[in-house]
Visitor: 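Before we start, here is the structure in question, set down as structure tokens.
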There are 2 protein chains.
Amino acid sequence: MTENELPPAPETLAKQLKALADPKRLRILNLLMSGVQCNCEIGDALNMPANLISHHLRVLRKAGLVQVERDALDARWVYYSVNEEAIRALVAAFDAFFDLGRIQPRHPTCGPKRMKGKPPKKLIVKPL
Amino acid sequence: MTENELPPAPETLAKQLKALADPKRLRILNLLMSGVQCNCEIGDALNMPANLISHHLRVLRKAGLVQVERDALDARWVYYSVNEEAIRALVAAFDAFFDLGRIQPRHPTCGPKRMKGKPPKKLIVKPL
DNA sequence: GCGATAATTCAACAAGCGTTGAACTATTGG
DNA sequence: CCAATAGTTCAACGCTTGTTGAATTATCGC
């Protein structure tokens with residue numbers, strides 16, 4: 001990212017981070033990051049009941065982070081995979097947001113009276 | 001990251017993502033990403049009451065993502081800044097977790113009977 | 001048609017969480 | 001000492017969310 005680009009909208013980013021902010025969902029995604037899985041494979045690997053897996057996968061689906069396909073010959077089998085495009089975009093957005101190159105020196109618009117119009121004093125760390 | 005490194009523990013990552021998974025907290029962090037701020041500057045910029053800002057900053061502090069210092073000459077002023085080390089580590093962990101290079105072909109341990117011991121059929125997309 | 005299978009959805013519940021308003025703490029200056 | 005200031009903490013409330021158990025849906029093979 002260049003310094004002229006704006007970080008993504010907080011609402012959009014927060015929505016996707018919220019979908020990720022659960023250990024179980026991260027575990028599911030971790031499995032999918034290494035390859036396509038069906039509900040029962042995820043259940044075996046993570047010792048999770050099918051209904052809970054379905055619920056979590058629904059959250060991830062709604063967030064656009066996973067994709068779903070049925071087996072071509074036996075539709076009872078449903079396979080889940082990561083949505084590579086969405087992951088790629090999310091990583092880019094995340095990296096842009098937390099690009100440490102964005103940090104600028106402090107420009108006070110508020111502070112003790114003697115600080116107005118003057119360069120900021122050197123801060124010292126005091127225990128809170 | 002090399003392909004031999006493990007992704008971070010889901011609990012650790014989820015805890016930090018949970019701290020980020022709120023639009024208001026992302027807005028606060030966005031301000032801090034561009035420079036050190038005090039509570040009233042954040043409040044002016046985001047039109048948020050001081051107590052709510054304190055609450056959100058506490059969440060971010062607990063997650064280790066921001067740092068806090070008091071003004072050297074007037075301790076009423078408290079300045080917040082991003083914890084660069086923690087951000088750097090989080091970005092690295094996030095990128096490692098969602099490294100698309102991790103994706104492997106599917107190795108079925110479960111599926112329709114005719115699929116055992118055979119290469120996976122080509123999947124077709126059916127509406128769910 | 002029916003039993004088995006894979007998966008999804010629903011309902012209820014408890015826990016978690018963001019917000020509001022009030023109270024509190026610490027500091028400064030007159 | 002007291003008023004003003006910056007900031008933090010507390011309590012209550014309504015909303016959100018993860019989990020459990022049951023019910024449902026769709027599919028397959030006999």
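Since the structure is predicted, the reported quantities are computational estimates derived from the model, not experimental observations. Below, chain A is the first sequence line, B the second, and so on; all start at residue 1.
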Visitor: Pick base, sugar-phosphate or nothing for A:His56, based on heavy-atom distances below 4.0 Å to the nucleic acid.
Guide: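 The answer is sugar-phosphate, as A:His56 gets under 4.0 Å only of primed atoms, P, OP1 or OP2.
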
Visitor: On DNA chain C, nearest-nucleotide positions of A:Lys18 versus A:His55: which is more 5'?
Guide: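 Result of the comparison: A:His55.
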
Visitor: Would you say the side chain of B:Ile87 lies within less than 4.5 Å of the side chain of B:Leu65, judging by non-hydrogen atoms?
Guide: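 A side-chain contact under 4.5 Å exists here.
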
Visitor: Choose from D:dT8, C:dT19, D:dC28 the nucleotide whose nearest atom is closest to any side-chain atom of B:Leu52.
Guide: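 The listed nucleotide nearest to B:Leu52's side chain is C:dT19.
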
Visitor: Going by disulfide bond (SG atoms under 2.5 Å apart), name the pairs with one or both residues in residues 16-93 of chain A, residues two or more places apart or in two chains.
Guide: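 Residue pairs with at least one partner in residues 16-93 of chain A: A:Cys40-B:Cys110.
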
Visitor: Taking the side chain of A:Arg76 as its heavy atoms from C-beta onward, which of D:dG7, C:dA6, C:dT28 lies nearest to it?
Guide: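 It is C:dA6.
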
Visitor: For B:Asn51 and for B:Val59, find the nucleotide of DNA chain C with the closest heavy atom, then tell me which residue's nucleotide is more 5'.
Guide: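 Nearer the 5' end of the strand: B:Val59.
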
Visitor: Hey, does A:Pro112 have a side-chain heavy atom less than 4.5 Å from the side chain of B:Leu73?
Guide: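 They are not in contact (no side-chain heavy atoms under 4.5 Å apart), so the answer is no.
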
Visitor: Identify which nucleotide among C:dT28, D:dC28, C:dA7 has an atom closest to any side-chain atom of A:Asp74, counting heavy atoms from C-beta outward.
Guide: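 For the A:Asp74 side chain, the nearest candidate turns out to be D:dC28.
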
Visitor: Whole-Å distance between D:dT25 C1' and A:Arg70 CZ?
Guide: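 Interatomic distance, CZ of A:Arg70 to C1' of D:dT25: 10 Å.
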
Visitor: Tell me, which pairs form a side-chain hydrogen bond (donor to acceptor under 3.5 Å, both in side chains) where one or both residues lie in residues 83-92 of chain B, sequence neighbours left out?
Guide: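 Of all non-adjacent pairs touching residues 83-92 of chain B, those that pass side-chain hydrogen bond (donor to acceptor under 3.5 Å, both in side chains) are B:Glu85-B:Arg88.
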
Visitor: Between D:dG7, C:dT9, D:dC10, which one does the side chain of B:Trp77 approach most closely?
Guide: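 So the side chain of B:Trp77 is nearest to D:dG7.
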
